[in-house]
Trainee: 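Structure provided below as structure tokens; questions to follow.
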Amino acid sequence: MGSGPNGRPPEDGEEKILAYVAEVEREIREECEISLDEERAELRAALGFPERSPVELVGMLHAALARTEPDHTLLNAEEGRAYDLIGPPPPPLWEPVLAQGRADLTALRAGESAVWQAVAEDSVRPRLALRAAQFDRAEGDLELLRRLPRYETRSSMTDELRLAGVLVGGYGRAEDLPLLHEVRETDFDTACGLSEIPGPGADPAELRRWAQETDDLFFGGDPAEEPLYTWTDTPLRRDRARPEPVAPGRRPDPAGHRRTERSRRRLRAAR
């Protein structure tokens, strides 16, 4: 284990842990000029904690962290950023977020009416289904894709509403233009955000060209290439018992997420 509150993992063994603790305590005594042993004993007595060896304490710390990571992480008090996670790295954020969308997409393709009803009544599941369709495009999805945009208009202009237009428009069917125009005219924000949808007299090639160009600019076929905020923001658009996923070594901060080249292009296009 690298830097962090635990310093040495339990598997390093007693000798290395005690040597590490001795070095840290030496630095504290030199820099802070405190009576470390006396203050430690006083604090332990005040809290009612029994005296334990550093080896036992490190083991207890790792056990506690293992029960809470990666949904909850221990933050550095000075910088407010998460320490390195212990154990094997968690799955990428997009996997647990996208799992619901993939399950729903499979059920929608099978025509399961109960899932259609649940998706229609939920504010997040249509978005996740659209994201799943983004990364698993199938020729036979047009009918279900035609139904999802109207659910997403309840949230006004979103990335997923633009994605819905792209997925429908990508089939190049002129008969879908009235649907896309209806979605665009939902409100002022959607009219601005989807203003480049081809007009009513557009031919299939023009519609397909718009969809392809917009897809290239805003979307893609690999969830790992999506900017981090795609996966941290989506679950927050509805109250959920599960907390926001936390990327290792970062505190949740939508404004500070690392942006990929695609997300930088998105920002330039919006200006």
Side-chain angles (χ1 to χ4, degrees), residues 70-72 91-171 173 175-195 197 211 214-215 218-221 223 226-246 252 254 257 266:
D71 292 327
H72 300 84
L93 289 181
W94 60 265
E95 285 190 5
V97 176
L98 198 56
Q100 176 72 67
R102 285 174 162 168
D104 283 343
L105 180 61
T106 298
L108 298 180
R109 285 170 171 168
E112 296 185 18
S113 57
V115 176
W116 270 113
Q117 183 68 23
V119 169
E121 295 174 353
D122 194 283
S123 61
V124 170
R125 287 173 70 171
R127 295 190 179 109
L128 295 177
L130 285 164
R131 287 294 180 180
Q134 174 187 350
F135 305 115
D136 181 15
R137 306 191 186 195
E139 187 63 31
D141 281 351
L142 180 56
E143 287 302 323
L144 72 86
L145 291 172
R146 286 169 170 164
R147 297 178 61 176
L148 293 175
R150 290 192 175 95
Y151 301 152
E152 186 59 18
T153 57
R154 295 173 300 193
S155 299
S156 187
M157 188 61 212
T158 65
D159 286 342
E160 287 77 19
L161 186 61
R162 178 179 286 110
L163 172 61
V166 165
L167 293 175
V168 172
Y171 286 85
R173 305 286 181 84
E175 61 264 35
D176 288 320
L177 282 169
L179 168 63
L180 297 178
H181 294 155
E182 174 191 333
V183 169
R184 181 180 63 188
E185 299 307 317
T186 299
D187 57 31
F188 177 80
D189 289 336
T190 57
C192 294
L194 301 175
S195 61
I197 290 178
T214 306
D215 195 9
F218 288 95
F219 305 108
E226 285 291 317
L228 189 60
Y229 61 75
T230 297
W231 311 117
T232 56
D233 288 3
T234 299
L236 297 179
R237 295 173 187 168
R238 184 191 68 205
D239 291 337
R240 285 189 167 189
R242 184 176 180 83
E244 175 187 357
V246 178
H257 291 324
R266 292 180 190 177

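Predicted model, so just to flag it, every value in this text is computed and none were measured.
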Trainee: Quick one: closest heavy-atom pair of Leu98 and Ala132, and the distance?
Mentor: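 In this case the closest contact between Leu98 and Ala132 is CD1-N, 3.7 Å.
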Trainee: Do Leu144 and Trp116 have side chains that get closer than 4.5 Å, going by heavy atoms?
Mentor: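 Yes, side chains in contact.
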Trainee: Are Asp176 and Arg146 close enough for a salt bridge, meaning some N to O gap below 4.0 Å?
Mentor: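 Judged by the 4.0 Å cut-off on N to carboxylate O distance, Asp176 and Arg146 do form a salt bridge.
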Trainee: Does any non-hydrogen side-chain atom of Thr214 lie less than 4.5 Å from one of Ile197?
Mentor: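 Not touching, per the 4.5 Å side-chain cut-off.
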Trainee: Atom CG in Leu128, atom CZ in Arg102: separation rounded to 0.5 Å?
Mentor: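 Here the rounded value is 11.5 Å.
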Trainee: For Arg127 and Ser155, what are the C-alpha separation, side-chain angles and deciding distance, and is it a side-chain contact (heavy atoms from CB on, under 4.5 Å)?
Mentor: CA-CA 10 Å; Arg127 295 190 179 109; Ser155 299; 2.4 Å; yes
Trainee: Hey, could you give me the OG1/CD distance between Thr186 and Glu182, rounded to the nearest 0.5 Å?
Mentor: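 Nearest 0.5 Å value for the OG1-CD distance: 7.0 Å.
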Trainee: Of all heavy-atom pairs between Val115 and Ala107, which one has the smallest distance, and what is that distance?
Mentor: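 That closest heavy-atom pairing would be CG2-CB, 3.6 Å.
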Trainee: First locate atom CD of Glu112, then atom CG of Asp104, and finally report the distance between them rounded to the nearest 0.5 Å.
Mentor: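 If I round to the nearest 0.5 Å, the distance is 9.5 Å.
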Trainee: Could you tell me which non-hydrogen atom of Gly170 sits nearest to which non-hydrogen atom of Ala211, and how far apart they are?
Mentor: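 Minimum heavy-atom separation between Gly170 and Ala211: N-CB, 3.4 Å.
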Trainee: Considering non-hydrogen atoms only, spot the tightest contact between Glu152 and Pro126 and give its length.
Mentor: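 For Glu152 and Pro126, the tightest heavy-atom pair comes out as OE1-CB, 4.4 Å.
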Trainee: Do Arg162 side-chain atoms and Gly193 backbone N/O form a donor-acceptor pair below 3.5 Å?
Mentor: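 Present.
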Trainee: Assess whether side-chain contact (heavy atoms from CB on, under 4.5 Å) is satisfied between Tyr171 and Glu139, documenting all intermediate values.
Mentor: CA-CA 8 Å; Tyr171 286 85; Glu139 187 63 31; 3.9 Å; yes
Trainee: Identify, with sequence neighbours excluded, every residue that meets side-chain hydrogen bond (donor to acceptor under 3.5 Å, both in side chains) alongside Thr153.
Mentor: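 For Thr153, no residue satisfies side-chain hydrogen bond (donor to acceptor under 3.5 Å, both in side chains) once neighbours in sequence are set aside.
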Trainee: Excluding sequence neighbours, so at least two apart, what forms side-chain hydrogen bond (donor to acceptor under 3.5 Å, both in side chains) with Glu175?
Mentor: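 Glu175 satisfies side-chain hydrogen bond (donor to acceptor under 3.5 Å, both in side chains) with no other residue.
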Trainee: With sequence neighbours excluded, tell me which residues meet side chain to side chain contact (heavy atoms under 4.5 Å, CB included) with Leu167.
Mentor: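 Here the qualifying residues are Leu130, Ala133, Arg137, Leu145, Leu163.
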Trainee: Just so I know, are the side chains of Asp159 and Arg131 near enough to count as touching, which here means a heavy-atom distance under 4.5 Å?
Mentor: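 The answer is yes, as the side chains (C-beta and beyond) meet within the 4.5 Å cut-off.
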Trainee: Grab the two heavy atoms, one from Asp187 and one from Ser156, that are nearest each other, plus how far apart they are.
Mentor: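 That would be OD2-OG, 2.7 Å.
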Trainee: Between Gly220 and Gln134, which heavy-atom pair has the shortest distance, and what is it?
Mentor: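 Shortest heavy-atom separation between Gly220 and Gln134 comes out as O-NE2, 3.1 Å.
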Trainee: Just wondering, do Pro92 and Trp231 contact through their side chains at under 4.5 Å, heavy atoms?
Mentor: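 Of all side-chain heavy-atom pairs linking Pro92 with Trp231, none is under 4.5 Å.
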